[in-house]
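Working notes for the structure below.
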Amino acid sequence: MLASVFNHTTITIATGAAVLGAVSGALGSFAVLRRQSLIGDAISHAALPGIVMAFILTGSKSPLVLMLGAGVAGLTGMLVVMLISSSNRVKYDSALGIVLSVFFGFGLVLLTWIQKRPEAAQAGLDRFLFGQAAALLRRDVWALATIAAVSFIVLAMLWKEFKILAFDRDYGVSLGLPMRRLDVLLTGLITVAIVLGLQTVGVVLMSAMIIAPASAARQWTNRLGRMVLLAGVFGAIAGVIGAVASSTIPRLPTGPSIVLAVGVIVIISLALAPGRGLISETLRRRKNHKKLRLDAVLTDLYELESQHTPETPHGHTAKAIQAMSFGEGEVLKNLLELESRGLVARFSTNHWAITEKGRHRVERLVQQLDSSAGAAH
Amino acid sequence: MSKPPETPSKGLAIDVSDVTVAYHDRPVLWDVDLEVPAGVLLAIAGPNGAGKTTLIKTILGLVKPAAGRVLIHGAPYREQRALTAYVPQRGSVDWDFPTQALDVVMMGTYGKLGWLRRPGAKQKEIATHCLERLGMADYRHRQISQLSGGQQQRVFLARALAQDAQVYLMDEPFQGVDATTERAIIDLLRDLRSQGRTVVVVHHDLQTIPEYFDWVTLINVRRIASGPVSTTFNQENLRRTYGGRVAFLSSRENGCAEKATALSDVQTPPGEKPGWMA
């Protein structure tokens, strides 16, 4: 098993998958942030007729020829989307849906028709549906890596322009930036990323490689640069895991394996990321509620005491405090917690009084409430 | 009350003539003329759907007019971009975007920076200074979704400030902001005017127009009136702009006089900066 993981073919396949994962993860970040998650689905499905047509026209199954066909069809699809959504009263997402289904349907028709032909040469085109990493050759990986490098260079050179495009397009126009051309270029780069992944991941699941690494990365950072970097890393990791799994385990298609791997990364990120993760959010909410409950008890005690100053402090029972709140029988627990923080002190077994520190805290709370009420006005 | 506007010695900051804009077959602006002298604080007011936002978007070249012409300091917008800064409506962007207040403000420097150049220490310094002027220096490394609505608005204003423009076009900066932010915006507007810059603000709150602005343009698809607040902002023009709601308006106008007096009592004494400036 180990030997097969490190053999030549597997390394080639893993490298290819890592490259495509990195490109689609990084560029996918922009699609996700612009709320164009569907764009990946539309482009990859629209690419299918291009693949089949490229084969029909050239009779070649060389990955470069097929990718060129996929790219042309994908870009055509995107231009049709822009045309439909700008000139008519069709919304952007509907336009994506229309292009996706019409192009994909056309691709399936072509694929079925060509498979009925007698020659055997067309065999294997249907593996573009779910991807087949085993077909990756060393020179394909070199081509992938070169195209990926060019995409990354363009991304780095136009970083600040793409950032404005994603955040505030109109503002970019007001600065004099050619936002429409930048939009077409960015969409073009995303198309390239998708086309690179088609052979390995497949038409049907390629959009996951655009959306999933970016969504996972968003959980871990609040900076665009780090998000794009992290999405690239996540995509690469998923690519390697999926490609290696599918090339070592017989009859395991590559696309679904890669998508499963990236799915696990998404689930982990949704659950565990500090700040935005579900677990940290739940903990934060609990902590907040606890703080509010403790503050409520402390404030009650403060008020009880202020009712009979300047007598010497003598403490109050938990019952008396509970009577002030709509107690849930947790007052005693809260008092013990407050005692451990030095905010209340015990006079006898069940008599409690607020400490100097506790009094300060209540006074500060009241101040904060007053000032935030003023600001909200 | 604002001081009476001076005669426009520096000519027109914005010159809009015969502008018509239509979405599909519905006219949004009809044959609008607008002459804004340099160095004034101008409020654009009018009912919902009157074309206020469309007017400033047309001035900025974001909306292509079906007819008409816009000049900024005597030349088309294309040639005068460096002179102009835009503050969009706060709701027009996704504030969950992964970026910090300082990064957003630095976008204001991108126009002058040019292609292929990355913002550096100088741009950071400009941005920090602009955030400071709006009392936001302490928040510069905050993720923008963690800012309050008013703070987000101040980030947008700081970004426009970073452009160091001559003409500022702001779309409803006072919409739903807290008292601190309102104060900060007013101080900024007066600051800009004292430097001789021109500010055009889409403004909803009729009550505060006489207090905050010295010029006003009333539109409702057509331009109803435009000129100094003292001569233009009157019952008759408001009735023509807002139509049947004249009774409502006159009662508001009465209340507004009281409110304006009340407000001027609590205004910060000259020379004493409000707390957030410290």
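By convention in this document, chain letters (A, B, ...) are assigned in the order of the sequence lines, proteins followed by strands, and residues within each chain are numbered from 1.
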task = Against chain A, label B:Gln163 side chain, backbone, both or neither, depending on which of its atoms sit under 4.5 Å from a heavy atom there.
result = side chain
request  = Could you tell me which portion of A:Arg218 (side chain, backbone, both or neither) has an atom closer than 4.5 angstrom to a non-hydrogen atom of chain B?
outcome  = side chain
query = With ring centroids as reference points, do B:Phe156 and B:Trp95 lie under 6.0 angstrom apart?
reply = yes
remark   = Honestly, the part of B:Leu169 sitting under 4.5 Å from a heavy atom of chain A is neither
request  = Tell me, please, which residues at least two apart from A:Phe167 pass ring-ring contact (aromatic ring centres under 6.0 Å, His included).
outcome  = B:Phe97
query = Given that the side chain runs from C-beta out, which part of B:Lys112 has a heavy atom under 4.5 Å from chain A: side chain, backbone, both or neither?
reply = neither
query = Between B:Val87 and chain A, which part of the residue has a heavy atom less than 4.5 Å away: side chain, backbone, both or neither?
reply = neither
inquiry  = Using only atom types and a distance under 3.5 Å, with no angle test, would you say the side chain of A:Ser151 pairs donor to acceptor with the backbone of A:Ile147?
reply    = yes
task = Mark yes or no for whether B:Tyr77, through its side chain, and A:Ser174, through its backbone, hold a donor-acceptor pair below 3.5 Å.
result = yes
key: Structural part of B:Arg159 lying under 4.5 Å from a heavy atom of chain A   = both
query = How would you list, by chain and number, every residue that makes a ring-ring contact (aromatic ring centres under 6.0 Å, His included) with B:Tyr168, sequence neighbours excluded?
reply = none
ask   = Who wins among B:Asp103, B:Leu60, B:Thr84 for the most heavy-atom pairs under 4.5 Å with chain A?
value = B:Asp103
